[in-house]
Amino acid sequence: MRISGEKTILEQLHKNVNKTRNMKMLFIALLMGSLASHAQYDIGLEPKKISHWKMDRNKVITGSLVFIAGASKGFNETLMFHWDAFHQKFPHANPNWYNPESSWKNKYKDGDPDKGAKFPLSTTMLVATTDQYHFNNFINKTAWVSTIMIKMSEPRKSFKHYFLDMLYYTACHQMGFALTYYSFTKIPRPH
């Protein structure tokens with residue numbers, strides 16, 4: 001009997017250990033399940049807000065800046081490749097400022113690159129003050145950087161918005177470019 005009694009005690013201890021382990025596993029499973037269900041509480045309950053692309057104050061400002069960037073690019077192309085047409089339309093425009101073939105020398109002392117800079121930083125940071133070509137480049141870069149900074153301050157949007165923005169800004173840039181370039185390509189050149 002004693003042996004059988006010992007078996008009974010061991011069996012009961014073994015059963016109690018299994019029950020304790022099972023209770024711990026059940027407790028952990030319930031705890032994990034409640035945490036997981038709590039974490040998913042808000043998912044899918046709120047309807048998604050569908051925002052549409054619309055013209056707002058930022059797009060007007062940035063579109064205007066991109067238009068100016070396009071206009072300055074078109075003006076440079078006109079000066080570089082249609083100087084005669086530009087000079088024909090604006091005969092009093094100073095070639096020492098507007099004609100890139102000669103105005104690039106304005107940044108040098110007496111127009112001679114061998115003599116060095118005309119004034120401090122005239123060949124680097126202040127080159128925009130020496131001729132129209134470099135001034136147009138300055139306007140172009142300033143407009144683009146300003147546009148990018150404004151756009152970076154906006155909240156993130158869907159890919160569709162960025163695609164539509166790209167189309168809008170391309171149109172703004174091309175309108176600015178067309179205004180200052182194509183009008184000079186149609187003027188007959190003197191022979």
Side-chain angles (χ1 to χ4, degrees), residues 27-86 89-90 93 97-101 103-104 106-107 121-187 189:
F27 176 75
I28 291 172
L30 289 173
L31 180 64
M32 296 303 282
S34 68
L35 291 174
S37 66
H38 178 70
Q40 296 175 358
Y41 178 75
D42 290 337
I43 293 178
L45 295 179
E46 294 291 322
K48 270 192 166 180
K49 293 180 181 178
I50 300 173
S51 61
H52 299 285
W53 191 93
K54 63 182 178 183
M55 185 63 70
D56 59 10
R57 183 172 171 256
N58 269 4
K59 284 188 182 67
V60 170
I61 292 169
T62 54
S64 299
L65 288 167
V66 172
F67 178 87
I68 290 168
S72 65
K73 174 71 173 159
F75 193 16
N76 264 0
E77 297 291 314
T78 296
L79 295 177
M80 288 294 292
F81 303 110
H82 301 285
W83 166 252
D84 293 335
F86 176 80
K89 196 164 190 174
F90 298 99
W97 176 259
Y98 288 100
N99 188 353
E101 286 185 23
S103 67
W104 68 272
N106 291 348
K107 60 182 157 267
L121 305 175
S122 68
T123 60
T124 56
M125 287 180 59
L126 298 177
V127 73
T129 63
T130 63
D131 64 4
Q132 187 65 45
Y133 179 83
H134 288 99
F135 184 65
N136 288 341
N137 282 338
F138 172 75
I139 291 170
N140 183 283
K141 290 174 186 170
T142 302
W144 276 115
V145 168
S146 300
T147 299
I148 291 168
M149 289 175 63
I150 292 169
K151 291 304 286 181
M152 286 176 60
S153 70
E154 293 179 353
R156 293 182 85 180
K157 295 181 177 140
S158 68
F159 176 77
K160 178 183 87 169
H161 281 86
Y162 294 118
F163 180 74
L164 293 172
D165 277 353
M166 181 193 71
L167 294 177
Y168 169 67
Y169 293 122
T170 299
C172 291
H173 189 271
Q174 285 307 109
M175 286 189 290
F177 184 90
L179 178 71
T180 57
Y181 180 75
Y182 293 119
S183 59
F184 294 100
T185 60
K186 301 198 181 350
I187 297 174
R189 294 182 177 183

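Keep in mind that the numbers below use all heavy atoms, side chains included, and drop hydrogens, waters and symmetry copies. It should be emphasised that the depicted structure is a prediction, and the values quoted were computed from it without experimental measurement.
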K.L.:
Can you establish whether the number of heavy atoms outside Glu101 located under 6.0 Å from its atom CD is more than 12?
P.N.:
no
K.L.:
Which heavy atom in Thr123 sits nearest to a heavy atom in Val127, and how many Å separate them?
P.N.:
C-CB, 4.2 Å
K.L.:
Tell me whether the count of non-hydrogen atoms from other residues, nucleotides or ligands lying under 6.0 Å of CE in Met152 goes above 12.
P.N.:
no
K.L.:
Is the shortest side-chain heavy-atom distance between Val66 and Tyr168 below 4.5 Å?
P.N.:
no
K.L.:
For Ser103 and Trp97, which heavy atoms make the closest approach, and how far apart are they?
P.N.:
CB-O, 3.6 Å
K.L.:
Is there a donor-acceptor pair under 3.5 Å between the side chain of Ser72 and the backbone N or O of Ala69?
P.N.:
yes
K.L.:
CG of Leu65 to CD1 of Ile148: how many Å apart, nearest 0.5 Å?
P.N.:
11.0 Å
K.L.:
Between Met149 and Ser146, is any pair of side-chain heavy atoms under 4.5 Å apart?
P.N.:
no
K.L.:
Regarding Lys59 and the six-membered ring of Trp53, is the cationic atom NZ or CZ under 6.0 Å from the ring centre and inside 45° of its axis?
P.N.:
yes
K.L.:
Can you confirm whether more than 12 heavy atoms, excluding those of Met125, are under 6.0 Å from its CE atom?
P.N.:
no
K.L.:
A side-chain contact here means heavy atoms from C-beta on lying under 4.5 Å apart; do Thr78 and Trp83 qualify?
P.N.:
no
K.L.:
Name the one of Lys73, His82, Glu77 that satisfies side-chain hydrogen bond (donor to acceptor under 3.5 Å, both in side chains) with Tyr181?
P.N.:
His82
K.L.:
Whether the His173 and Thr170 side chains hold a donor-acceptor pair (N or O, under 3.5 Å, no angle test) is what I'd like checked.
P.N.:
no
K.L.:
Apply side-chain hydrogen bond (donor to acceptor under 3.5 Å, both in side chains) to Trp104 and list each qualifying residue two or more places apart in sequence or on a separate chain.
P.N.:
none
K.L.:
Rounded to the nearest 0.5 Å, how far apart are CD of Gln132 and CD1 of Ile139?
P.N.:
6.5 Å
K.L.:
Measuring from Thr62:OG1 to Lys151:NZ, what's the distance to the nearest 0.5 Å?
P.N.:
5.0 Å
K.L.:
Restricting to side-chain hydrogen bond (donor to acceptor under 3.5 Å, both in side chains), what partner residues turn up for Tyr98, sequence neighbours left out?
P.N.:
none
K.L.:
Less than 4.0 Å between a side-chain N and a carboxylate O, is that true for Lys157 and Asp165?
P.N.:
no
K.L.:
Can you tell me how far the CZ atom of Phe135 sits from the CG atom of Asn140, to the nearest 0.5 Å?
P.N.:
12.0 Å
K.L.:
Does the gap between the ring centers of Phe86 and Phe75 come in under 6.0 Å?
P.N.:
yes
K.L.:
How long is the gap from CZ on Arg156 to NE2 on His161, to the nearest 0.5 Å?
P.N.:
14.0 Å
K.L.:
Can you tell me if Phe163 has over 12 outside heavy atoms packed within less than 6.0 Å of its CZ?
P.N.:
no
K.L.:
Under the side chain to side chain contact (heavy atoms under 4.5 Å, CB included) rule, collect the residues that match up with Tyr133, sequence neighbours excluded.
P.N.:
Asn76, Met80, Asp131, Asn137
